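Data first, discussion second: the structure below is written as structure tokens.
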Protein chains: 2
Amino acid sequence: MRRPTIADIARRAGVSKGAVSYALNGRPGVSEATRARILAIAQEIGWQPNSAARALNGARAEAVGLALCRPARFLGMEPFFMELISGIESELAAHSCALMLQVVRDHETEMGVYRRWWGEGRVDGAILVDLHVADPRVPEMEALGMPVVVIGHPSAAGSLLPVWSDDGAAVRETVEYLAALGHRRVSRVAGLPRLVHTAIRDRAFEEACAALGLAETGVVHTDYTGEEGARATRRLLSSPHRPTAIVYDNDIMAVAGLSVAQEMRLDVPADLSIVAWDDSPLSQVVRPPLTALGRDISAYGAHAARRLLALIDGADPGPLEDDTARLTPRGSTAPPPES
Amino acid sequence: MRRPTIADIARRAGVSKGAVSYALNGRPGVSEATRARILAIAQEIGWQPNSAARALNGARAEAVGLALCRPARFLGMEPFFMELISGIESELAAHSCALMLQVVRDHETEMGVYRRWWGEGRVDGAILVDLHVADPRVPEMEALGMPVVVIGHPSAAGSLLPVWSDDGAAVRETVEYLAALGHRRVSRVAGLPRLVHTAIRDRAFEEACAALGLAETGVVHTDYTGEEGARATRRLLSSPHRPTAIVYDNDIMAVAGLSVAQEMRLDVPADLSIVAWDDSPLSQVVRPPLTALGRDISAYGAHAARRLLALIDGADPGPLEDDTARLTPRGSTAPPPES
DNA sequence: TCGCGGTACTTATCCGGTTCAGCAGGTATT
DNA sequence: AATACCTGCTGAACCGGATAAGTACCGCGA
């Protein structure tokens with residue numbers, strides 16, 4: 001049995017397709033009596049608008065795109081992305097807007113997907129994440145003319161609308177906190193070096209250490225996995241002047257680092273202080289619970305989605321600086337051991 | 001500047017729209033010379049097919065739907081879902097098929113979303129998860145006539161295509177392993193009682209305990225969160241005949257349970273053995289690393305997606321029983337304390 | 001030299017909506 | 001009484017493709 005169309009409704013109501021269209025869209029042009037009759041018939045035969053036909057007339061796709069250029073397995077491992085996505089979802093859901101999600105291999109494929117989605121009218125806008133230094137996607141997106149919100153620092157977002165949070169300030173707060181505890185040798189286990197926010201954190205870390213006269217005992221870059229976090233930790237803790245504190249770029253690596261420290265018979269926090277970036281339940285559940293830089297990632301995603309929806313609506317929302325991550329001291333940080 | 005259409009191409013090439021359509025779709029009806037000319041022009045003016053127009057003629061949406069009825073925050077916390085989604089993605093990506101994702105409040109909204117997506121021709125099929133006992137979604141989906149793969153036991157999938165794994169066997173293996181270690185008092189911290197797979201695990205657990213003559217020291221149902229996992233553990237460990245082993249329905253709760261045990265000055269595994277269901281990196285990263293029931297969830301998702309794509313293609317793939325979860329013994333299980 | 005068949009198109013229609021011009025018929029205005 | 005102006009509707013074009021049916025032309029065999 002075919003899906004009912006407005007032509008079916010028109011036939012049963014004894015009016016024209018046009019009248020049905022006016023009635024169903026709450027537009028003037030039909031009497032209230034006729035409108036009610038048409039709505040009743042539509043209800044009765046279970047009519048559903050066909051978005052394809054609507055889109056053909058320039059209507060919205062009522063969906064926004066997110067193409068993620070990370071190995072698929074990262075998704076399952078990084079709480080950050082799932083929280084971000086769930087935050088985006090929560091905002092979109094309130095506007096009956098769907099999320100088109102695709103995991104892609106590389107940036108080239110990613111742009112191909114965006115080009116196709118936009119070209120085919122399947123999405124009304126997109127969210128760009130994981131900004132690289134001198135990211136080629138930015139000028140390409142600008143050329144496409146699609147509404148785009150960039151999750152990342154304005155300095156790298158070109159003319160696209162940025163939503164970001166001040167990682168530099170968070171790094172400074174952390175380093176100052178560790179310095180106040182008495183630490184003088186602080187290391188950092190960072191994420192992918194090509195990502196803009198890694199560069200920003202690296203730089204802020206370096207500057208904060210210099211300002212406070214701390215010895216920078218090494219920044220190690222990783223791919224965010226627990227394995228590389230463990231390896232980096234092992235390397236840092238094996239060096240002759242090993243750090244008394246390590247700041248990790250995500251909680252997965254911090255937890256892995258904690259395990260390595262314990263494996264090396266170092267007491268956390270007595271011998272080594274650990275700070276995690278991203279405060280998922282994971283950080284609170286290990287022993288000792290981790291001092292972490294937390295913020296509401298879900299809200300972050302929601303804000304980005306709201307900005308995008310405004311942009312799609314033709315508004316001109318300004319860039320948004322979201323909350324800076326806040327340090328929550330827990331059991332993994334303490335003054336360094338006397339030496 | 002308007003997006004180019006086949007009419008623009010036709011005008012520039014000096015042929016009709018029909019000829020352009022044939023050329024662009026690689027169908028016979030135009031000479032190779034004309035085809036090449038048309039393709040060149042299409043390339044030059046940056047033509048992209050408009051999916052709406054295609055869909056109007058009954059073409060595929062090239063997307064499948066997944067409406068998740070869980071609080072948004074769960075997504076970020078449960079590694080299972082993200083791995084499942086990334087697995088689904090990996091299979092879909094290979095077929096240039098997108099995933100329409102929406103987090104919904106309740107099953108009613110969920111069905112509304114599916115009805116709309118299907119009615120509006122935005123998806124070609126859907127994946128149903130978190131099957132409930134006597135789930136109303138199954139008959140509704142059957143009535144809709146949309147291609148659907150159910151991730152869950154065939155007994156609850158009606159005429160929809162099930163993809164499942166034998167949780168009962170995994171429970172039996174686990175209980176037998178614990179019994180072989182010498183445990184006689186085994187508990188279970190389970191998930192939501194209304195979920196079909198919880199019921200199946202509950203029953204298998206009960207039967208296995210009975211068969212091996214173990215004392216069942218309680219099954220506690222939770223909502224899968226770390227908090228409830230911790231609370232359930234505290235309750236079980238506070239009872240007079242406390243269990244010497246606990247099997248958890250996910251790793252989040254197992255890790256939370258581990259913390260509670262340590263907080264109560266119980267040594268894991270000397271005083272208490274812990275088994276986690278779902279073997280995410282989390283299980284391996286805590287001290288001691290958790291004995292876990294693991295399987296390739298990503299592959300599970302990929303298999304479901306492949307089944308769905310086959311279904312959409314009009315094939316009639318049979319139900320798929322995926323690998324049973326396998327027990328990986330690690331440091332959290334040992335013989336029970338003497339006494 | 002006729003007809004047959006194939007090639008290479010064109011034309012027209014359809015998909016399911018939106019939208020605009022037009023047109024009755026009634027009411028208010030002058 | 002003629003005019004203007006609503007209201008409530010109709011009919012048709014239109015969006016951008018796919019596709020069935022029709023046609024012009026060519027080569028070829030009989």
Side-chain angles (χ1 to χ4, degrees), chain A residues 1-39 41-43 45-62 115-124, chain B residues 1-39 41-43 45-62 115-124:
Chain A
M1 206 182 60
R2 242 182 55 268
R3 275 184 29 197
T5 72
I6 56 165
D8 299 321
I9 301 177
R11 202 172 321 111
R12 288 174 74 127
V15 296
S16 70
K17 272 173 46 171
V20 174
S21 178
Y22 291 138
L24 292 173
N25 290 293
R27 297 169 43 123
V30 286
S31 66
E32 281 313 312
T34 310
R35 186 189 303 280
R37 192 157 46 92
I38 288 173
L39 287 174
I41 293 174
Q43 177 87 17
I45 66 176
W47 175 83
Q48 291 271 34
N50 179 319
S51 72
R54 283 230 164 110
L56 206 47
N57 292 286
R60 296 271 172 74
E62 299 298 350
R115 227 186 294 279
R116 192 166 62 82
W117 282 350
W118 178 242
E120 296 184 355
R122 303 179 84 84
V123 298
D124 303 317
Chain B
M1 205 183 58
R2 241 181 57 269
R3 276 185 26 198
T5 71
I6 57 165
D8 299 321
I9 301 177
R11 203 173 318 113
R12 288 173 74 127
V15 296
S16 70
K17 272 175 43 170
V20 174
S21 179
Y22 289 139
L24 292 172
N25 290 293
R27 297 170 43 118
V30 285
S31 66
E32 280 314 311
T34 310
R35 186 189 304 278
R37 192 156 46 91
I38 287 172
L39 287 173
I41 293 173
Q43 177 88 20
I45 65 177
W47 176 83
Q48 292 271 34
N50 179 316
S51 70
R54 284 228 162 113
L56 207 46
N57 291 289
R60 295 270 172 74
E62 299 298 348
R115 226 185 295 277
R116 191 166 62 83
W117 281 349
W118 178 243
E120 297 183 358
R122 304 180 81 84
V123 299
D124 302 319

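To find a chain, count down the sequence lines: A is the first, B the second, and so on, and within it residues start at 1. Predicted model only: the values in this text are computed from it and were never measured.
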Difference in axis direction between the ends of the helix from C/dT1-D/dA30 to C/dT30-D/dA1, five pairs, 10°: 60°
Spacing between B/Ile6 atom CD1 and D/dG17 atom C1', to the nearest angstrom: 5 Å
Integer-rounded Å distance: C/dG17 C1' and A/Leu24 CG: 10 Å
Separation of C/dC15 C1' from A/Gln48 CD (nearest whole Å): 18 Å
Distance test, side-chain N/O of A/Trp47 to OP1/OP2 of C/dG17, below 4.0 Å: yes
Whole-Å gap separating P (D/dT10) and CD1 (A/Ile9): 14 Å
Whole-Å distance separating the CD1 atom of A/Ile38 from the P atom of C/dG17: 13 Å
Of the listed nucleotides D/dG16, C/dT19, D/dT10, the one nearest the side chain of A/Ser21: C/dT19
Counterpart residues, salt bridge (Lys or Arg N to Asp or Glu O under 4.0 Å), relative to B/Arg37 (two or more places apart): none
For residues 25-32 of chain A, please give each side-chain donor-acceptor pair under 3.5 Å, one per line with the distance, not counting sequence neighbours.
unit_1, atom_1, unit_2, atom_2, d
A/Asn25, OD1, A/Arg54, NH2, 3.4
A/Asn25, ND2, A/Ser21, O, 2.7
A/Ser31, OG, A/Thr34, N, 3.2
A/Ser31, OG, A/Thr34, OG1, 2.7
A/Glu32, OE2, A/Arg35, NE, 3.4

Taking every non-hydrogen atom, the tightest pair across B/Gly46 and B/Pro4: O-CG, 3.7 Å
B/Lys17 NZ - D/dA21 P separation (whole Å): 19 Å
Distance in angstrom units between B/Tyr22 OH and D/dA18 P, rounded: 10 Å
Residue pairs involving residues 13-26 of chain B (criterion salt bridge (Lys or Arg N to Asp or Glu O under 4.0 Å); sequence neighbours excluded): none
Qualifying residues under side chain to side chain contact (heavy atoms under 4.5 Å, CB included), relative to A/Arg12, sequence neighbours excluded: A/Ile41, A/Glu44, A/Ile45
Residues touching DNA chain C, which here means a heavy atom under 4.0 Å, drawn from residues 25-33 of chain A: A/Asn25, A/Arg27
Out of D/dG17, C/dT18, D/dG11, whichever nucleotide has its closest atom nearest the side chain of A/Ser16: D/dG11
Among A/Leu39, A/Thr5, A/Asp8, A/Ile6, the one residue meeting side-chain contact (heavy atoms from CB on, under 4.5 Å) with A/Val20: A/Ile6
Sugar-phosphate, base or nothing in reach of B/Val15, heavy atoms under 4.0 Å: sugar-phosphate
Among C/dT18, D/dG16, D/dA21, the one nearest B/Ala53 by side-chain distance: D/dG16
Residue pair B/Gln48 / A/Arg115: nearest heavy atoms and the distance that separates them: NE2-O, 3.5 Å
